[in-house]
There are 2 protein chains.
Amino acid sequence: MAELQLQSPGKQPTIRDVAELAGVATSTVSRALSNPGRVNRVTRERIEEAAAQLNYIPSSQARGLSSGRTQTVAVLVPDITNPFYFDIIRGAQHQLKAAGYTQLLVDTEESAEMEADALQKMRRSADGFILAASRLTDAQLAEAAAQQPLVTINRAPAIAPTVVIDTPSAIIQALEHLVSLGHSRICFVGGPATSWSNAKRWQAFQEETTERKLTTFSVGPFAPKTTSGAAAADAAVHTGATACIVFNDLLAIGMLQRLRERGIRVPDDMSIVGCDDIFGADFCNPPLTTMASPIEQAGRVAVSMLLSRLNPQYGGTSRRLAVMPTHLTVRASTGAAPVR
Amino acid sequence: MAELQLQSPGKQPTIRDVAELAGVATSTVSRALSNPGRVNRVTRERIEEAAAQLNYIPSSQARGLSSGRTQTVAVLVPDITNPFYFDIIRGAQHQLKAAGYTQLLVDTEESAEMEADALQKMRRSADGFILAASRLTDAQLAEAAAQQPLVTINRAPAIAPTVVIDTPSAIIQALEHLVSLGHSRICFVGGPATSWSNAKRWQAFQEETTERKLTTFSVGPFAPKTTSGAAAADAAVHTGATACIVFNDLLAIGMLQRLRERGIRVPDDMSIVGCDDIFGADFCNPPLTTMASPIEQAGRVAVSMLLSRLNPQYGGTSRRLAVMPTHLTVRASTGAAPVR
DNA sequence: ACAAGGATGACAAGCGATTGCCAAAAATTG
DNA sequence: CAATTTTTGGCAATCGCTTGTCATCCTTGT
């Protein structure tokens with residue numbers, strides 16, 4: 001008396017069920033599904049049909065247990081809220097999905113401890129890591145890189161494979177732009193002290209302004225959030241500069257709001273250049289002149305670099321460094337320097 | 001002669017290594033770590049020390065294999081790019097992390113097929129699902145809900161446990177607001193045809209405008225992106241309405257841009273009300289009057305509902321429905337109706 | 001037509017944890 | 001001090017799948 005048992009809830013079909021239905025051994029099923037060609041075509045088709053009929057999906061857990069791989073990549077970002085990382089997440093997601101990987105998203109809340117912790121805790125559950133704007137020290141990062149495959153985004157190339165968004169060269173473009181508008185008193189509005197990008201941008205700013213013999217100021221560090229914009233704007237205005245190069249768009253947008261509140265006209269009284277060209281930079285008021293980065297592409301490239309390391313057989317030159325070009329996008333937040 | 005073997009790369013310590021170092025059986029280690037109290041305190045401490053010394057992390061794969069659980073929840077959103085979902089992701093992430101779960105992020109690209117596919121494929125790798133603004137049909141959704149634990153966000157409560165953001169009542173507030181400003185010719189700018197939220201908003205709009213005997217128009221459906229805003233704006237203007245209630249902020253912001261291009265002043269010639277109060281709604285030009293939703297909280301509540309289902313022992317009343325209140329946030333995109 | 005070689009598929013041993021069962025040890029009691 | 005109860009911890013089976021080994025069967029060449 002055959003028991004009819006379809007969809008006994010919670011009970012998932014196993015490779016054994018498929019083998020039984022197809023009348024073969026489980027090993028044959030395994031090979032037929034993951035290594036076709038090792039199995040007779042007719043048999044394989046029979047197995048595939050049985051699998052489809054049972055709605056069979058292999059358990060990634062069991063599969064990972066023997067293979068030691070999880071087909072999973074963890075993406076660590078300092079702040080999920082920040083649109084900049086959205087684009088990275090999106091690019092990574094896209095590329096991972098295409099390669100049959102799953103994305104584990106982790107928000108490290110701008111904390112080096114949380115980042116290190118996640119790196120440890122997830123060591124076993126992810127095949128590799130993408131560290132966007134890591135807040136780790138060089139030493140911590142080197143240690144982590146020695147333990148597991150990882151690719152950083154916007155971090156010194158010496159330590160681990162990395163994708164660098166070339167904002168320093170964009171800084172030069174931005175300065176060129178400001179100078180051509182007649183500005184000579186320029187303020188750098190700094191981001192988080194632990195940010196490598198911030199350090200690089202500041203360095204480029206200093207070098208270039210020194211060479212051009214410009215009068216410069218700097219304020220900060222500020223948290224990269226719109227809410228820090230008010231303090232940043234006030235500080236920048238106080239310096240007497242006529243133009244600001246701001247760590248990122250989030251902060252710049254916050255400044256824009258504050259300046260309007262205070263009746264300081266942008267760009268008439270003060271020009272503002274942001275960085276990243278995030279969502280919103282084009283429709284804020286006034287639209288923001290900013291250094292546009294191919295952020296999503298950076299996420300994609302980072303994943304590619306990681307995957308080519310994880311699967312060397314698929315080749316792909318395992319570069320240790322990818323530099324993403326940037327360019328200045330001029331909108332309405334920059335204009336001629338005010339006449340004194 | 002003891003071999004010194006620290007950090008043999010790629011080789012992770014197993015429970016056996018810990019057992020050996022501590023001089024006990026693996027089962028004792030397992031119990032000591034996951035069920036303290038079943039093991040002598042002294043022994044447990046010895047084991048914990050050994051584990052710490054080896055930097056041991058249990059393999060979630062192996063653990064999952066025997067327990068059948070993955071400590072993982074998949075969050076499916078139609079469009080990672082949309083800031084609305086960012087907040088949901090963020091809320092979910094927060095709550096999941098607090099409960100020791102990991103978030104699997106999936107972008108279903110506004111496609112019901114991809115959504116159904118992900119639901120199938122990840123059946124084994126996630127303990128449960130959060131479906132934000134599912135594009136599935138009721139039938140598909142019911143089937144999916146029968147197969148695995150899931151919680152929907154903004155979907156009819158009859159089918160699966162759900163968190164509903166009460167935008168219909170916000171629509172009424174918005175209409176009240178517009179009427180009080182003297183508007184009587186109001187246009188509904190519709191979102192995706194497959195969106196349940198859109199249907200509910202449209203229904204609320206119709207009921208309320210009928211009751212108030214207002215002259216109404218509707219245009220759409222439009223994709224919920226800023227780039228669709230141009231077409232939406234043109235269509236809305238063409239109706240002759242003096243105010244628009246727009247499916248969501250993304251579309252509304254796109255409309256704002258187009259209207260400015262065309263020299264149609266907001267709010268002087270046309271008032272615009274958005275929905276969701278996403279990132280950017282406060283700094284676009286003009287700042288957008290919108291129906292603000294506690295989106296992040298919705299993500300959190302959805303996770304709570306799911307987890308209380310996954311872990312009934314921890315109790316928590318397993319509600320099938322949570323309604324999140326909304327309210328109108330008035331900014332500068334609405335104003336008095338133009339005199340004819 | 002027969003041997004050599006290649007395809008094919010069954011068996012069984014892991015992968016790293018959990019857990020039921022039971023024996024040994026410790027604590028409690030009369 | 002013996003008897004009984006309670007703790008403690010070891011053995012081994014199990015979760016679902018992969019993979020090395022090897023016997024069997026089918027091709028193909030001479």
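A, B, ... follow the sequence lines: proteins, then strands. Residue 1 opens every chain. Just so it is clear, the structure is predicted and the values come from calculations on it, not from any experiment.
Within 4.0 Å (heavy atoms only), Arg41(A) reaches no atom of the nucleic acid at all. Using a 4.0 Å heavy-atom distance criterion, Ser30(A) is classed as a base contact.
When every heavy atom of Val42(B) is checked against every heavy atom of Asn40(B), the shortest pair comes out as N-OD1, 2.7 Å. Heavy-atom minimum distance, Arg124(A) versus Ser59(B): NH2-CB, 3.3 Å. Residues Val77(A) and Leu105(A) come closest through the heavy atom pair CG2-CD2, 4.4 Å.
Judged as a side-chain contact (heavy atoms from CB on, under 4.5 Å), and not counting sequence neighbours, the contacts of Ala144(B) are Leu119(B), Gln148(B), Leu150(B). With sequence neighbours left out, the side chain to side chain donor-acceptor pair (under 3.5 Å) criterion links Gln297(A) to no other residue. The side-chain contact (heavy atoms from CB on, under 4.5 Å) test applied to Pro161(A) returns Val151(A), Met305(A), Arg309(A), Arg320(A), not counting sequence neighbours. Scanning for side chain to side chain donor-acceptor pair (under 3.5 Å) contacts around Arg123(B) gives Gln12(A), Gln120(B), with sequence neighbours left out.
Within the structure, the side chain to side chain donor-acceptor pair (under 3.5 Å) test picks out no pair touching residues 15-31 of chain B (sequence neighbours left out). Legend: side chain to side chain donor-acceptor pair (under 3.5 Å) pairs involving residues 96-105 of chain B, not counting sequence neighbours, sorted by first then second residue: Tyr101(B)-Asn311(B).
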Could you walk me through whether Arg46(B) and Val24(B) pass the side chain to side chain contact (heavy atoms under 4.5 Å, CB included) test, one step at a time?
CA-CA 10 Å; Arg46(B) 187 150 41 93; Val24(B) 297; 4.3 Å; yes
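Heavy-atom distances under 4.0 Å link DNA chain C to Pro58(B), Ser59(B), Ala62(B), Arg63(B), Leu65(B), Ser66(B) of residues 58-66 of chain B, given in residue order. For the segment residues 19-27 of chain A, residues with any heavy atom less than 4.0 angstrom from an atom of DNA chain D are, sorted by number, Ser27(A).
Rounding to the nearest 0.5 Å places CD of Gln93(B) at 4.0 Å from CD1 of Ile80(A). A distance of 11.5 Å separates CG in Leu141(A) from CH2 in Trp196(A), rounded to the nearest 0.5 Å.
When each of Ile15(A) and Arg31(A) is assigned the nucleotide of DNA chain D bearing its nearest heavy atom, the one mapping closer to the 5' terminus is Ile15(A).
Note on the helix from dA1(C)-dT30(D) to dG30(C)-dC1(D): terminal axis deviation equals 30°, with five pairs used at each end and the result rounded to 10°.
In this structure a side-chain-to-backbone donor-acceptor pair under 3.5 Å is missing from Thr108(B) to Leu76(B).
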Just list the side-chain donor-acceptor pairs under 3.5 Å for residues 126-139 of chain A, sequence neighbours left out, or say none.
{"unit_1": "Asp127(A)", "atom_1": "OD1", "unit_2": "Thr70(A)", "atom_2": "N", "d": "2.7"}
{"unit_1": "Asp127(A)", "atom_1": "OD1", "unit_2": "Thr70(A)", "atom_2": "OG1", "d": "2.9"}
{"unit_1": "Asp127(A)", "atom_1": "OD2", "unit_2": "Thr70(A)", "atom_2": "N", "d": "3.2"}
{"unit_1": "Asp127(A)", "atom_1": "OD2", "unit_2": "Gln71(A)", "atom_2": "N", "d": "2.8"}
{"unit_1": "Ser134(A)", "atom_1": "OG", "unit_2": "Glu115(A)", "atom_2": "OE2", "d": "2.5"}
{"unit_1": "Ser134(A)", "atom_1": "OG", "unit_2": "Leu136(A)", "atom_2": "N", "d": "3.1"}
{"unit_1": "Arg135(A)", "atom_1": "NE", "unit_2": "Glu110(A)", "atom_2": "OE1", "d": "2.9"}
{"unit_1": "Arg135(A)", "atom_1": "NH1", "unit_2": "Ala133(A)", "atom_2": "O", "d": "3.4"}
{"unit_1": "Arg135(A)", "atom_1": "NH2", "unit_2": "Glu110(A)", "atom_2": "OE1", "d": "2.8"}
{"unit_1": "Thr137(A)", "atom_1": "OG1", "unit_2": "Gln140(A)", "atom_2": "N", "d": "3.1"}
{"unit_1": "Thr137(A)", "atom_1": "OG1", "unit_2": "Gln140(A)", "atom_2": "OE1", "d": "3.3"}
{"unit_1": "Asp138(A)", "atom_1": "OD1", "unit_2": "Arg155(A)", "atom_2": "NH2", "d": "2.7"}

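Other residues, nucleotides and ligands place no more than 12 heavy atoms under 6.0 Å from the CD atom of Glu49(A).
Close approach of DNA chain D to chain B, defined as any atom under 4.0 Å from a non-hydrogen atom of the protein, starts and stops at dT8(D) to dG16(D). From the 5' end on, the contacts that DNA chain C makes with chain B at under 4.0 Å to a non-hydrogen atom open and close at dG16(C) to dG20(C).
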